[in-house]
J.: 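Below is a structure I'd like to ask you about.
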Amino acid sequence: MSGESIHYIDPQHIGIIMDGNGRWAKQRGHSRPRGHKEGAQATRKIIDACQELGIRYLTLYAFSAENWSRPDIEVKALMELLEFFLSRETKTLIKRRVRLHAIGRIEELPNSAQRALKKAMAATEEFDDWHLTLALNYSSRNEVLDAAKAFAQAISSGETSPETRDWADFAKHLYTSKIPDPDLIIRTSGETRISNFLLMQSAYSEFYFTDTLWPDFDKAQLEKAIACYHKRERRFGKTGEQIAQPTA
Ligand code: IPE
Ligand code: IPE
Ligand code: MG
């Protein structure tokens with residue numbers, strides 16, 4: 001086995017922790033909301049780039065449950081930006097046949113943001129080839145809590161056997177039940193933490209960290225992350241020899 005360029009298959013699902021908008025703005029003497037606005041431009045380009053590169057599933061961490069503790073003015077700017085983004089981008093998503101999903105406690109978002117989101121999701125629900133998921137008011141721990149409640153209910157209603165020890169019986173109650181697990185998770189801005197993003201789903205994901213701030217992240221950087229992914233050996237518990245010779 002050469003040990004070089006081991007994983008030839010492209011990632012099917014990429015998750016991105018889009019971080020560094022605030023620092024991008026600060027470096028230029030701009031307000032933090034201006035950084036988020038620039039970040040939204042990068043987001044737009046990366047959605048296109050994923051389609052050009054054949055990535056069928058893209059999940060973007062846009063607002064964490066913990067982000068409510070930021071200054072009111074910043075939270076308000078982020079919610080307005082979300083609505084603006086949806087109003088501008090839905091047409092493009094339809095044109096590109098991308099289905100929009102949302103994960104997180106969506107019912108706690110401002111009403112107008114919820115309406116914009118539902119409208120955009122309904123307008124794209126017929127598509128199946130490309131999937132864009134926005135993580136909004138998202139927390140992996142909240143997701144596990146919500147899934148545990150639904151799982152308990154499924155057991156008490158008899159829908160699920162109380163004897164089950166099958167992860168799939170639990171995972172179908174996660175927000176991501178219709179989305180495959182991410183193959184690759186990218187975090188920008190030099191931070192090397194997960195910040196409560198897809199903890200259950202990333203059990204066997206590959207991670208890629210870059211110092212680039214989110215507004216500066218572009219298609220070339222995405223290609224670099226994918227090239228790095230190709231060099232990884234995903235073993236899923238097996239030995240390297242078994243991966244090299246699947247019949248062994
Ligand atoms: C990421 O950029 C966007 C959100 C969390 C909404 P940040 O706003 O966290 O940027 P930094 O980390 O302060 O630079
Ligand atoms: C994570 O970034 C959340 C999003 C990118 C939406 P944060 O900037 O909020 O994460 P921490 O607080 O630095 O861990
Ligand atoms: Mg940050």
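As the structure lists them, so they are numbered: ligands from 1, and atoms in each ligand from 1. This structure is a prediction, so every number in the text was calculated from the model and none was measured.
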J.: Quick check on Gly20 - does any of its heavy atoms sit under 4.0 Å from an atom of ligand 1?
T.: yes
J.: What are the two closest non-hydrogen atoms of Ile14 and Leu222, and how far apart are they?
T.: CD1-CD1, 4.2 Å
J.: State whether the shortest distance between N or O atoms of Arg70 and N or O atoms of ligand 2 falls below 3.5 angstrom.
T.: yes
J.: If we set the cut-off at 4.0 Å for heavy atoms, which region of Arg32 has an atom near ligand 1: side chain, backbone, both, or neither?
T.: side chain
J.: Of Thr59, Leu58, Leu184, which is the lone residue that meets side-chain contact (heavy atoms from CB on, under 4.5 Å) with Ile16?
T.: Leu58
J.: Just checking Leu53: does its CG atom have more than 12 heavy atoms from other residues, nucleotides or ligands closer to it than 6.0 angstrom?
T.: yes
J.: Does the side chain of Tyr138 come under 3.5 Å of the side chain of Ser140 through a donor N or O and an acceptor N or O?
T.: yes
J.: Find out whether Leu136 and Ile106 are in side-chain contact, i.e. whether some heavy atom of one side chain is under 4.5 Å from a heavy atom of the other.
T.: yes
J.: Looking at Arg23 and Glu191, does any basic side-chain N land under 4.0 Å from a carboxylate oxygen?
T.: yes
J.: Please confirm whether Arg187 comes under 4.0 Å of ligand 2, counting heavy atoms of the residue only.
T.: yes
J.: Quick test: of every protein heavy atom, which one is nearest to atom 10 (O) of ligand 1, and how far off is it to 0.1 Å?
T.: Gly22 N, 2.9 Å
J.: Considering only NZ, NE, NH1 and NH2 on the basic side and carboxylate oxygens on the acidic side, decide whether Asp19 and Arg187 come within less than 4.0 Å.
T.: yes
J.: Near Lys224 NZ, under 6.0 Å, is it more than 12 heavy atoms from other residues, nucleotides or ligands?
T.: no
J.: Classify the contact between Ala62 and ligand 1 as side chain, backbone, both or neither, using a heavy-atom distance cut-off of under 4.0 Å.
T.: backbone
J.: Do other residues, nucleotides or ligands put more than 12 heavy atoms under 6.0 Å from the CZ atom of Arg28?
T.: yes
J.: Show which atoms of ligand 1 fall inside a sub-4.0 Å distance from at least one heavy-atom site of Arg23.
T.: 11 (P), 12 (O), 14 (O)
J.: Can a donor-acceptor pair be found between the side chains of His173 and Asp146 at a distance below 3.5 Å?
T.: no
J.: Using a heavy-atom cut-off of under 4.0 Å, does the side chain or the backbone of Glu191 touch ligand 1, or both, or neither?
T.: neither
J.: With the threshold set at 4.0 Å, does a side-chain nitrogen-carboxylate oxygen contact exist between Lys219 and Asp48?
T.: no
J.: As an exercise, identify every atom of ligand 2 less than 4.0 angstrom from a heavy atom of Phe63.
T.: 6 (C)
J.: Any nitrogen or oxygen of Asn67 lying under 3.5 Å from a nitrogen or oxygen in ligand 2? Just yes or no.
T.: yes
J.: In the protein, how many N/O/S atoms are under 2.8 Å from the Mg ion (ligand 3)?
T.: 1
J.: Answer yes or no: is there a side-chain heavy-atom contact under 4.5 Å between Lys37 and Leu81?
T.: yes
J.: What do you think, any protein heavy atom under 4.0 angstrom from atom 12 (O) of ligand 2?
T.: no
J.: Write out the residue and atom name of the closest protein heavy atom to atom 1 (C) of ligand 1, then the distance separating them to 0.1 Å.
T.: Met18 O, 3.0 Å
J.: Any chance you could measure Trp24, atom CH2, to Thr212, atom OG1, to the nearest 0.5 Å?
T.: 14.0 Å
J.: Under 3.5 Å between any N/O of Trp24 and any N/O of ligand 1: does that happen in this structure?
T.: no
J.: Within ligand 2, which atoms have a heavy atom of Arg193 less than 4.0 Å away?
T.: 11 (P), 13 (O), 14 (O)
